[in-house]
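What follows is one structure encoded as structure tokens, with my remarks underneath.
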Amino acid sequence: MISRRKFFSNAVITAGAAALGATTRSVQGAETVGQPSENPEKTMQYAQSGHQDYPPGEPGKDYTPVITPNGSTLPYKVVGGVKVFHLIAEEVDHEFAPGLRAYCWGFNGQVHGPTIEAVEGDLVRIYVTNNLPESTSIHWHGVLVPSGMDGVAGLSQKNIEPGETYKYEFKLRQHGTYMYHSHSDDMIQIALGMMGMFIIHPRTPTGPKADRDFVLMSSEWRIDVGTRRPVPIEMTDFNVLTFNGRSFPGTAPLVAKYGDRVRIRFGNLSPMEHHPIHLHGFYWKITEMDGLQVPEAAQQLGNTVLVAVGQTRTVEFIADNPGDWAMHCHMTHHTMNQMGHNAPNLIGVRPGKLDTRVSKLLPGYMAMGESGMADMGEMGMPVPRNSIPMLGAPGKHDYIDMGGMFTIVKVRENLTSYDDPGWYENPPGTLASLASNDELQRDLGKIPEAKPMDNNMKMERGNMDHMHMKHGG
Ligand SMILES: [Cu+2]
């Protein structure tokens, strides 16, 4: 167990080693942070013995449970002092956002699997039942376990064959934000969704307590328009980007009260891509990297954190800025929905009725608008069966041209519950608005002349505006 005092003594050793130029020592010093013992042999005995140092940690008493938006926490029961969990790997008919469903592989009826939550020092026993048509195994990503519990099929254990239930058992000798995922036929099983978050709370918390503790797992999928099975061999062209298995507008907002300390634990098990996650309205501190606590003096400040495939990053900030704040991957293709991909480039072109004619021949065909793609989400063309428009959803002020790996952090004063409070009411004078002629004359000395790029283009668009997106068939 890492006490605050030991934590600081480690930090001092690390600093001292670094000062002497012993860089390898400093790396070793860093590794001891978050682990219960500086003595590797003792640590190993501890991890492999059934010896119990602490009673099972209890929610509300030993920790404040995390919130998994659009997801849930895996229930457990205590048997003889051991926390017993049961994961069932199975096919799930999963909704990514209203209008788009696909047959994925997940756990306990969910994509991704429920969040496993426990406390440092807990002895956990996790049963894994395989109801998939092929063998599997589960790896506890970042969790320090005995080699035979590490879940790499063939290397650490036998495959769990269809219909079999395996038992994993280990003691949690660290705390932090970790993950679990299939480690058998990885490319297929991860592309189909077989992953979840694994949160281990500290036995003896140090530092300020989070009022809101969110868990967000990133992933990416290719689901061809009109189909209902993600393409598991995709390597580059992903068209459905998700937080906790959902694409905006299917993502639930993260709600906080003004003044709350908000923690967000990001994990990324996308098949191929890293995600720079950006939050508007705040700066945060990166408090954990791959589950390991970052010493306070070394916590980076920022508003974007790169979460590479296989990494977790935990951030904390004070919700001191009321409003509706975008939080999203900053790769522009990752905030776009399914139909935004592979659209022919028609910027500056007059397509006339081409779209309508071609779409009769090619289901799912949709060209880019003449003046960009912002109109596509709200234009009148019917959406093919089982698909989501390329862009987002109606917002308070206008259509939101964002989708995919996008969600909203909602901070409010005077909240009575953490239910979705609806759209933010902007206080007078705090909303961007159309400039008046008086203001323009006063400040610019003139009224800027409107110079449309091509007046002819505008004529083709009239009948596309203000029509609702609807699903065909
Ligand atoms: Cu991304």
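Order of appearance sets the numbers: ligands from 1, and atoms from 1 within every ligand. Computed from a predicted model, the values in this text were never measured in an experiment.
- In this model, a donor atom of one side chain and an acceptor atom of the other lie less than 3.5 Å apart for Gln189 and Thr136.
- In this structure, Tyr76 and Phe85 have tilted ring planes: the angle between them lies in the 30° to 60° band.
- Nearest heavy atoms, Asn159 versus Ala153: OD1-CB, 3.3 Å.
- Annotation: protein N, O or S atoms under 2.8 Å of the Cu ion (ligand 1) (waters excluded) comprise His275 ND1, Cys329 SG, His334 ND1.
- Annotation: side-chain hydrogen bond (donor to acceptor under 3.5 Å, both in side chains) contacts of Tyr103 (sequence neighbours excluded): Arg228.
- Scanning for salt bridge (charged side-chain N to carboxylate O under 4.0 Å, His left out) contacts around Lys83 gives Asp122, with sequence neighbours left out.
- Qualifying side-chain hydrogen bond (donor to acceptor under 3.5 Å, both in side chains) partners for Glu117, counting only residues two or more places apart in sequence or in other chains: His201.
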